[in-house]
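Keep in mind the model is a prediction, meaning the values are calculated, not measured. Note on naming: letters A, B, ... go to the chains in the order of the sequence lines (proteins, then strands), and numbering restarts at 1 for each one.
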Amino acid sequence: MKTLNENVNPLLVKELRDVMRNPRVYTVFVVYLASISAIALLLYMGLSLTNPTSRVGNSSQVGTTLFYALVGAQVILVCLVAPAFTIGAVTHERRQHTLDLLKATLLSPIQITLAKWIPSFGLIALLILATIPLTGLVFVLGGVELTQWAAALCVITSSASLFTSLGLFISSRSHSTFDALVITYSLLAGMVIGLAILMLTAPALSASGGRMTAAGSSALTVLFVLLAGLNPITALVITEANFHQSSNLLTVVIGPSMGFVAPLTLPAPFLTLAVCYLAATIVLLWLTARTIRVR
Amino acid sequence: MIDTRELTRLSGQKAIVDRVSIQIEAGCVFGLVGPHGAGKTTFLRILATLLPPTHGDAVIGGASIRRHADRVRRITGYLPETDGVYADMTAAEYVRFFAACYGVPASERNTLVDDLLALVDLAHCKDTLAGKLSRGMRRRLNLARTLVHDPSILLLDNPAAGLDPRARIELRELIQELRSMGKTIVLTSRSLAEVQDLCTHLGIMADGRLLITGESADLCSGIEPHRTIAVKFFGDVESAVHHVRNRQGVIEAKTVPLLENHSANTLDASVNMMRALKEMHITFAGDYSDASDLLRHLVRAGVQVVSFAEKDDELEKILGRFNLSTQAKSIEQSSV
């Protein structure tokens, strides 16, 4: 125990303590859980009122709708909350003139970076864990499989990991927390909302664009499936649509009717997203450490 | 102990530190003096391994700042110009936290915290939040922080900046105590008068270049040990000069016209205000305590003091002696 205590990053211990002592964190917890609960309750009441007669027959449909709504709400809330925990992490140290003091110690830039990122990501992970009992309600209603829920959890957690590291990276390069806030949320809006709108309207646009060769159409489909894995909303939508069509959660099979001689198997967008977002998280954390070292 | 070779840091095309080569022996107190923007802070930050040099290298205690930054950090303690504290930590927690960051074993931290806080005369503030300490106390707390890993070299960036005269005296005594403990100290200042007694060696820096270095006594010989204090005030000039004369440390006092050649019929209120403002230059040979007494005496005498500050003209006097100026293009460097 003594050896463990000696080897733990002291800045990480301090940051974890600061996070858990911060009253605003509990406010975020209450607001987050209240929002998810309110969405679940209102949606359930609305769906029950519109289908009052056949309770058993429609319960799985209600369960599925509720599941999509809760997962969608969580993705949006994670987008809003996750960067908020890290955008001030480095700018605050700069403002209070303590960053140089930390850099002058034996802590490496990567240790400083991880000490700033782990508590924030841990807090978001705790938020996601806290909503598990609530999302678990959909299993009572039916219509959703455990694997679907696991895929959704994978998307939400990967998104939280990327958004916290993005906030931290922007913070390391910004002069003020306000600058970091504006830049981070602008990037996120483009990445999440902009890309989702583009991806979800792309099939309709390409269909109305006139004739396309079979090869062109299949290449576009492959590109669409791969790009869908870069956005949490489209990744969830395409994964779920594919699951309902083929009962296959892990892969998307294209063709042979779409111009392919043999069927082409691609990873499901949620898997692409998890791999890409985790890789991007590692790169952003490394870039943050590099920025802290040289600036 | 410290050996820099052509140390250079560029910001775009501009050299913030320009080919600085210097050797500082163990046990020296080296004062780096220069005007604002001379590159002193950047030079110190490079030595503290906080900024990588663009060209050149420095070897500190046998370790290169480029290749063995960790080894350099183990033997150096860095005090930046602005005091960074975690406002929600007590003084003891603050020192203990940095001791952990420097890898001091947990079993030794409590004793270390007590010893260091006693050394900087903050033992009575052990449980006070760092955010509630006065500026001078924060400075001393930061000095305690630089000593947590018992470094043999201290890099102090403008240690007296923003301190009142009393706090400056206390800090000066503390630095002298550290010197007597065998520490090698490199400190920066904008005022030669502030450091010339404290330092064994001096270097003068301007525009990123080290213009001249040498033993403090050699560089300052021939320079009169007095400095000029500029006082701006409202009120009667004769009365103010009268109150200043014959005070401890005062050699001469003379008034300086602040607003000359200005049209008499100007109605602008701020200009009228400026016209009422007077300035007096006091040639002063006293210490900081005498300067503090002088200011107190002026205020008690009813002189409305607007500002009371030292004028830094010693640098130009020294550079003039060596036919250099702070704009000098030639670099004259030597070993100390």
Open item on the list: Within this structure, what is the CZ-CZ distance for the pair A/Arg17 and B/Phe97, rounded to the nearest 0.5 Å?
Closed with: 9.5 Å
Open item on the list: Distance check, rounded to the nearest 0.5 Å: B/Leu51 atom CG versus A/Lys103 atom NZ?
Closed with: 6.5 Å
Open item on the list: Looking at every heavy atom in both B/Tyr102 and A/Leu106, which two are closest together, and how far apart are they?
Closed with: O-CD1, 3.4 Å
TODO: Under 4.5 Å heavy-atom distance to chain A, tell me which part of B/Val85 shows up: side chain, backbone, both or neither.
DONE: backbone
Open item on the list: Is it the case that over 12 heavy atoms from other parts of the model lie below 6.0 angstrom from the NE2 atom of A/His175?
Closed with: no
Open item on the list: At a 4.5 Å cut-off on heavy atoms, which part of A/Gln111 comes close to chain B: side chain, backbone, both, or neither?
Closed with: neither
Task: Part of A/Asn9 lying under 4.5 Å from any heavy atom of chain B - done: neither
Task: Minimum-distance pair of heavy atoms, taken over all atoms of B/Leu50 and A/Ala104 - done: CD2-N, 3.6 Å
- [ ] Please report the closest heavy-atom contact between A/Leu101 and B/Arg145, naming both atoms and the distance.
- [x] CD2-NH2, 3.2 Å
- [ ] Please round to the nearest 0.5 Å and tell me the distance separating atom NZ of A/Lys14 and atom CE of B/Met89.
- [x] 5.0 Å
Task: Largest heavy-atom contact set with chain B, pairs under 4.5 Å, which of A/Glu93, A/Arg21, A/Arg293 - done: A/Glu93
TODO: Heavy atoms only: give me the nearest B/Arg73-A/Leu107 pair and the separation to one decimal.
DONE: NH1-O, 4.1 Å
Open item on the list: Taking 4.5 Å as the heavy-atom cut-off, does anything in residues 36-44 of chain B contact chain A, and if so which residues?
Closed with: none
Task: B/Arg74, part contacting chain A, at a heavy-atom distance under 4.5 Å - done: both
- [ ] Would you indicate whether B/Arg66, at its atom CZ, is surrounded by more than 12 heavy atoms from other residues, nucleotides or ligands within a distance under 6.0 Å?
- [x] yes
Open item on the list: What part of A/Arg95 gets within 4.5 angstrom of chain B, counting heavy atoms only: side chain, backbone, both, or neither?
Closed with: neither
TODO: Start with the C-alpha gap between B/Tyr86 and A/Asp18, add the side-chain angles, then the distance that decides, and say whether side-chain contact (heavy atoms from CB on, under 4.5 Å) holds.
DONE: CA-CA 11 Å; B/Tyr86 292 109; A/Asp18 286 353; 6.0 Å; no
